[in-house]
Protein chains: 2
Amino acid sequence: MGVAERKAKEKEELRNLILQGARKLFVQKGIEQTTIRSIAEAIDYSIGTVYVYFKDKNAILHALHTQGFADLGGQFTVLFNVADPMERLKAMGRVYIRFALDNPDMYDLMFSIKAPMEYLNAVNEEWSEGKTAFNVLRTTVQQCMEAGHFKGHQLEPLTFMIWSLVHGMCSLEIGQRTKGVNLQDADGIVEQAFGEFLKILDTL
Amino acid sequence: MGVAERKAKEKEELRNLILQGARKLFVQKGIEQTTIRSIAEAIDYSIGTVYVYFKDKNAILHALHTQGFADLGGQFTVLFNVADPMERLKAMGRVYIRFALDNPDMYDLMFSIKAPMEYLNAVNEEWSEGKTAFNVLRTTVQQCMEAGHFKGHQLEPLTFMIWSLVHGMCSLEIGQRTKGVNLQDADGIVEQAFGEFLKILDTL
DNA sequence: ACGAATTTTGAACAATGTTCATTTTATGGG
DNA sequence: CCCATAAAATGAACATTGTTCAAAATTCGT
């Protein structure tokens with residue numbers, strides 16, 4: 001079965017090539033400039049070929065969204081070294097924020113844009129990336145609780161609250177809602193606001 | 001000058017008619033179904049007429065975004081009755097969340113979608129709606145501080161942090177990031193998480 | 001070498017935002 | 001009432017998008 005194997009590998013390679021081209025365009029030019037035509041042109045294949053390997057544009061965006069979670073997960077690996085769960089929680093926030101502000105379009109795709117979720121609805125699959133990421137956060141919060149923090153709080157709502165806080169800052173910053181609002185020091189507002197959150201965390 | 005006045009009034013009326021049609025479509029069908037053609041058809045005018053009254057689609061979306069802020073501001077009027085700033089802050093959060101979840105597309109347009117901000121950049125104007133809304137929140141937080149709360153915190157970063165927290169919950173919910181993540185009680189997660197936030201507020 | 005299966009192609013379609021020459025309507029003076 | 005001028009409204013036309021699919025090109029097995 002040597003031929004079938006090679007063919008399967010070639011299919012996989014071309015799929016990855018398409019994704020690689022799509023990602024390059026996505027990161028460089030943003031989501032609306034990442035057209036099927038531009039992807040096909042970037043890798044010297046025809047439009048139709050893209051549709052052989054991906055059902056539609058949502059499928060491509062979902063695949064990119066998945067790559068984004070792999071990247072973010074990679075950034076999180078440094079946190080394994082932080083033993084104290086509270087310190088790890090804080091560090092997670094910092095890594096998360098840095099990832100979001102360094103990769104604004106990718107972050108939008110992962111946490112705001114509806115296309116990846118529409119793909120999941122269409123193929124009737126679960127959001128496994130989100131589930132996994134949330135589990136990492138929840139486990140850390142749980143360990144904080146086991147260490148005596150967050151007395152009187154419920155695990156899941158609290159976890160979601162913390163996620164929302166950090167996501168909200170990134171979302172507003174990326175969506176350009178901070179520039180027009182803050183009079184003094186609009187630049188560092190995310191870092192400063194996160195600092196306020198850390199102060200509160202120290203009391204819980 | 002009776003004629004000129006009447007003409008000006010007619011222009012204003014037609015502008016409002018276009019906006020009314022756009023809003024109806026926007027609320028009913030969402031942003032991507034709100035096309036220039038569908039707007040024109042809904043009010044029995046031609047495509048070209050829409051472009052006489054609005055520079056482009058971003059201008060229409062910005063006008064709708066402004067209407068959204070007027071609506072949200074209207075919802076906030078009930079808060080004038082709440083004398084205690086801390087109670088008012090909590091009530092603001094509830095009103096904000098209800099507005100967001102009741103008007104998801106409008107909320108997206110106001111706080112996530114880039115089109116209104118791109119319009120502002122194009123015409124070189126400020127985001128006055130955002131400024132005003134943020135001022136309302138900041139004033140309330142300041143009054144909380146004057147009443148002895150939030151010791152050791154900075155006003156603007158803290159205000160932005162609170163905004164981010166509430167916005168983040170709404171953004172994740174509207175962006176369908178909650179459904180796929182939470183095992184138990186995905187429905188009420190926003191309310192529950194906000195409840196956790198209120199518990200924390202009571203200690204500050 | 002050749003028929004069959006697989007892969008790739010790109011023309012074609014529908015829908016979108018946008019432009020602008022043309023048509024229609026309104027205005028006001030003779 | 002007429003008609004020249006201005007203002008307003010029109011919709012055909014263009015560029016670009018996602019998407020489809022019959023045809024062409026390539027590869028495979030015998």
Side-chain angles (χ1 to χ4, degrees), chain A residues 1-19 21-22 25-26 29-65 109 113-116 118-119 121-123, chain B residues 1-22 25-26 29-64 109 113-116 118-119 121-123:
Chain A
M1 298 297 113
V3 175
E5 278 178 31
R6 199 202 63 216
K7 284 221 164 188
K9 185 175 291 182
E10 282 175 357
K11 280 192 78 166
E12 180 73 13
E13 276 172 8
L14 183 44
R15 207 190 118 97
N16 286 337
L17 185 64
I18 293 169
L19 230 47
L25 285 165
F26 184 84
K29 314 263 189 180
I31 190 166
E32 77 281 356
Q33 298 286 350
T34 306
T35 66
I36 305 287
R37 277 168 183 78
S38 66
I39 295 170
E41 195 181 5
I43 60 173
D44 290 316
Y45 274 85
S46 71
I47 304 160
T49 303
V50 177
Y51 277 92
V52 171
Y53 290 81
F54 292 94
K55 179 178 147 288
D56 54 19
K57 197 180 181 183
N58 278 357
I60 298 178
L61 291 175
H62 173 263
L64 288 181
H65 135 285
L109 184 61
I113 290 169
K114 294 198 167 97
E118 282 169 0
Y119 170 81
N121 288 338
V123 299
Chain B
M1 300 291 115
V3 174
E5 279 178 31
R6 198 202 65 217
K7 283 218 167 190
K9 184 174 292 183
E10 280 175 359
K11 279 192 79 166
E12 179 74 14
E13 275 173 8
L14 183 44
R15 207 189 119 97
N16 285 337
L17 184 65
I18 293 169
L19 231 48
Q20 180 184 317
L25 285 165
F26 184 85
K29 315 264 189 177
I31 191 167
E32 78 281 357
Q33 297 287 348
T34 306
T35 66
I36 305 287
R37 279 170 181 77
S38 65
I39 295 170
E41 194 181 5
I43 60 173
D44 290 316
Y45 274 85
S46 72
I47 303 160
T49 303
V50 176
Y51 277 91
V52 171
Y53 289 82
F54 291 93
K55 179 179 148 287
D56 55 18
K57 197 180 181 183
N58 277 358
I60 298 177
L61 292 176
H62 173 264
L64 288 182
L109 185 60
I113 291 169
K114 293 196 167 94
E118 283 169 0
Y119 170 81
N121 288 338
V123 299

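Quick caveat, the model's predicted, so the values are computed rather than measured. What you see below is based on every heavy atom in this structure, not just the backbone, and it leaves out hydrogens, waters and symmetry mates. All chains are named by letter (A, B, ...) in the order of the sequence lines, taking the proteins before the strands, and each is independently numbered beginning at 1.
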Restricting both atoms to N or O, compile the protein contacts to nucleotides 8-10 of chain D shorter than 3.5 Å, with distance only.
unit_1 : atom_1 : unit_2  : atom_2 : d
D:dA9  : OP2    : B:Tyr53 : OH     : 2.7
D:dT10 : OP2    : B:Ser46 : N      : 2.9
D:dT10 : OP2    : B:Ser46 : OG     : 3.2
D:dT10 : OP2    : B:Thr49 : OG1    : 2.6
D:dT10 : O5'    : B:Ser46 : OG     : 3.3

What's the [atom1]-[atom2] distance between [X] and [N], to the nearest Å?
X	N	atom1	atom2	result
A:Asp56	D:dG18	CG	P	11 Å
B:Tyr51	D:dC14	OH	P	17 Å
A:Leu25	D:dT17	CG	P	11 Å
A:Glu118	D:dG18	CD	C1'	14 Å
A:Ile36	D:dT20	CD1	C1'	13 Å
A:Ile39	D:dT17	CD1	C1'	12 Å
B:Ile18	C:dG17	CD1	P	14 Å
B:Lys57	C:dT19	NZ	P	14 Å

Mind checking what makes salt bridge (Lys or Arg N to Asp or Glu O under 4.0 Å) contact with B:Glu32, not counting sequence neighbours? none
Comparing nearest nucleotides in DNA chain C, the 5'-proximal residue of the pair B:Arg37, B:Glu10 is B:Arg37
From CD1 (B:Ile47) to CD (B:Glu41), nearest 0.5 Å: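 The distance works out to 9.5 Å.
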Who pairs with [X] by side-chain contact (heavy atoms from CB on, under 4.5 Å), at least two apart in sequence or on another chain?
X	result
B:Glu118	B:Asn58, B:Lys114
A:Ile43	A:Leu17, A:Ile18, A:Tyr45
A:Ser38	A:Leu25, A:Thr35

The criterion is ring-ring contact (aromatic ring centres under 6.0 Å, His included); which residues satisfy it with B:Tyr119, sequence neighbours excluded?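 Only B:His62 meet the ring-ring contact (aromatic ring centres under 6.0 Å, His included) criterion with B:Tyr119.
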